Amino acid sequence: MSADSSTETGSRSSRPLPVRFLTPASLNLHRVFEQNEQRVQKRSGGKIPDPTRPATKGKPRLLLMGQRRSGKSSISSVVFHKLPPNETLFLESTARIQKDSLNSFMEFQVWDFPGQIDIFENPAYSFDLDAIFSEVGALIWVVDSQDDFSEATHRLSMVVLNLRRDYPHINIEVFVHKVDALAEDYRQDIVRDVRMQIADELGDNGVEELNMRFHATSIYDHSIFQAFSKVIQQLIPRLGQLEAMLTNLCRSCRFEKAYLFDVNTKIYIATDSTPEDMASYEICSDYVDVIIDFTEVYGSWPRSQQWRERLEGEPWMQPLENQVACEWAESTMVLSDAQRPVMLREVDRFLAIVAIMKEGSYDKMPQINMNVDVAVKGLTEFFEITKPKDSQEVVNPVLQG
Ligand SMILES: Nc1nc2c(ncn2[C@@H]2O[C@H](COP(=O)(O)OP(=O)(O)OP(=O)(O)O)[C@@H](O)[C@H]2O)c(=O)[nH]1
């Protein structure tokens, strides 16, 4: 879609909005980097992803591990291949490690491990641990919350004990999964139980610090995308600077909330510093869906194609040769219930800024668009600066029994 698809309903507020102009000076990223370094260290407890460390040297790898039928393949299929959640009922059990290379804003791989294989204990299999764990960005351990999870927590504890000496940098993320069957109030109780079981097991083995994060997830709502967003954000060097840019944009444009989305997966790779809430993520994520559906029907392509195919080919808003050239995609819509405009602006072929604006700010769209232009330039420069120098894939053969 090349044109602005702005629509507006309801009355506009006459109250003038103090929309500030961002200037190109805001693009002095090196200065911004320095200013924010301390703040980021404080917020992340000193654990900033270091772009030079081995885990992110090549294509970062996400490992999906856990018990049989815990939902690993379903998660991968729903998040990265747009499989409708109901269709995961027909997925077959994974027999071998499934390696998926994803061509997204950042190149990374997802390895789906068969639940029945215990790579540390099963003598029938011989694994080159270095080939598996040396390039890992995060190990995602999936626990089925609808099942007895004592075996799952025990196996995770064994994995942690086996990995901590040789691969201490690996981020371990625990997805307490299938929480859709649990009442809202009960979900955090289950997460707490899982956490306590793991803490007890590790404590019995002399490990006091529980160096992992827990997420309540389900493929039937947005929680799985939110959890993956957190996982991916750990892999982004200088995430704090991205957040600072979005916070700056929110202040200058009076946005309530802004996200930088990977449109293909609907993972958000950064947001501003205001507290995160599921509702705003859902609105923005659904808006990405609307725009994608709309462009499939009315976009600049000769025929409707799958989004994935387009991403692998031309940029998402590439105009046809015989059409008037457009430089980017943008869209604004006013939600009829809350009178709050939502806007989307393409950053590059993979990324888009999606923001919820304050009521009445639609009147200020020209200034807002100019500020967003500056932010887009800043983001483009950010990714240029932080692009890994040596992003060539390191091929590590994995021995399978
Ligand atoms: N209710 C519910 N069911 C889920 C969810 N995620 C996955 N499932 C179901 O769990 C079952 C097993 O899912 P799989 O993705 O095949 O599990 P797996 O961990 O890959 O299993 P293995 O390949 O045997 O290791 C399927 O019937 C899915 O539909 C979820 O969030 N909620």
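Worth saying up front: this structure is predicted, and the values here are computed from it rather than measured. Counting convention: from 1, in listed order, for ligands and their atoms alike.
For ligand 1, the polar-atom distance check against S70 finds a nitrogen or oxygen pair separated by under 3.5 Å. When only interatomic distances are considered, the shortest N/O to N/O separation between Q116 and ligand 1 does not fall below 3.5 Å. Between K72 and ligand 1, a contact under 3.5 Å exists for at least one N or O pair. For P85, no nitrogen or oxygen atom sits less than 3.5 Å from a nitrogen or oxygen atom of ligand 1, counting backbone and side chain alike.
Residue G115 approaches ligand 1 through these ligand atoms, each under 4.0 Å from one of its heavy atoms: 25 (O). In the vicinity of D180, heavy-atom distances shorter than 4.0 Å reach the ligand 1 atoms 1 (N), 2 (C), 30 (C), 31 (O), 32 (N). When each atom of ligand 1 is checked for a heavy atom of L89 under 4.0 Å away, the hits are 27 (O), 29 (O). For ligand 1 and S218, the ligand atoms under 4.0 Å from any heavy atom of the residue are 31 (O).
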Would C250 and K257 count as a side chain to side chain contact (heavy atoms under 4.5 Å, CB included) if you check the C-alpha gap in whole Å, the side-chain angles of each, and the deciding distance to 0.1 Å? CA-CA 7 Å; C250 284; K257 191 84 193 142; 5.9 Å; no
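The closest heavy-atom contact to atom 24 (O) of ligand 1, among the options S93, S77, S74, P114, comes from S93. Relative to atom 26 (C) of ligand 1, the option among V78, T88, D221, L83 with the closest non-hydrogen atom is T88. Looking at E87, Q98, R69, it is R69 that brings a heavy atom closest to atom 12 (C) of ligand 1.
Using a 4.5 Å heavy-atom cutoff, the side chains of V143 and S70 are not in contact. The closest side-chain heavy-atom distance from T271 to L242 is not below 4.5 Å.
Using a 3.5 Å distance cut-off with no hydrogens or angles, the side chains of D130 and Y167 do pair a donor with an acceptor. Looking at R68 and S93, their side chains do bring a donor and an acceptor atom within 3.5 Å of each other.
Residue contacts with ligand 1 for H177 involve side-chain atoms from C-beta outward but no N, CA, C or O (heavy atoms, distance under 4.0 Å).
Among residues two or more places apart in sequence or in another chain, the ring pair (Phe, Tyr, Trp, His ring centres under 6.0 Å) test is passed with F214 by none.
Using 4.0 Å as the threshold, A181 has no heavy atom nearer than that to any atom of ligand 1. Ligand 1 is approached by Q146 to a heavy-atom distance shorter than 4.0 Å.
Between Y287 and Y259, a ring centre-to-centre spacing not shorter than 6.0 Å is recorded.
Ranking protein heavy atoms by distance to atom 10 (O) of ligand 1, first place goes to K178 NZ, 3.0 Å. I219 N, 2.9 Å is the protein heavy atom nearest to atom 31 (O) of ligand 1. The protein non-hydrogen atom at the shortest distance from atom 20 (O) of ligand 1 is S73 OG, 2.7 Å. The protein non-hydrogen atom at the shortest distance from atom 17 (O) of ligand 1 is G71 N, 3.1 Å.
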Please list, one pair per line, the donor and acceptor atoms closer than 3.5 Å that link side chains of residues 221-229 to other protein atoms, with sequence neighbours excluded.
{"unit_1": "D221", "atom_1": "OD1", "unit_2": "S223", "atom_2": "N", "d": "2.8"}
{"unit_1": "D221", "atom_1": "OD1", "unit_2": "S223", "atom_2": "OG", "d": "2.4"}
{"unit_1": "H222", "atom_1": "NE2", "unit_2": "D286", "atom_2": "OD1", "d": "3.3"}
{"unit_1": "S223", "atom_1": "OG", "unit_2": "S218", "atom_2": "N", "d": "2.9"}
{"unit_1": "S223", "atom_1": "OG", "unit_2": "S218", "atom_2": "O", "d": "3.4"}
{"unit_1": "S229", "atom_1": "OG", "unit_2": "F225", "atom_2": "O", "d": "2.7"}
{"unit_1": "S229", "atom_1": "OG", "unit_2": "Y268", "atom_2": "N", "d": "3.0"}

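A distance of 10.5 Å separates OG of S73 from CG of L83, quoted to the nearest 0.5 Å.
Across every non-hydrogen atom of L202 and S157, the tightest pair is CD2-O, 3.7 Å.
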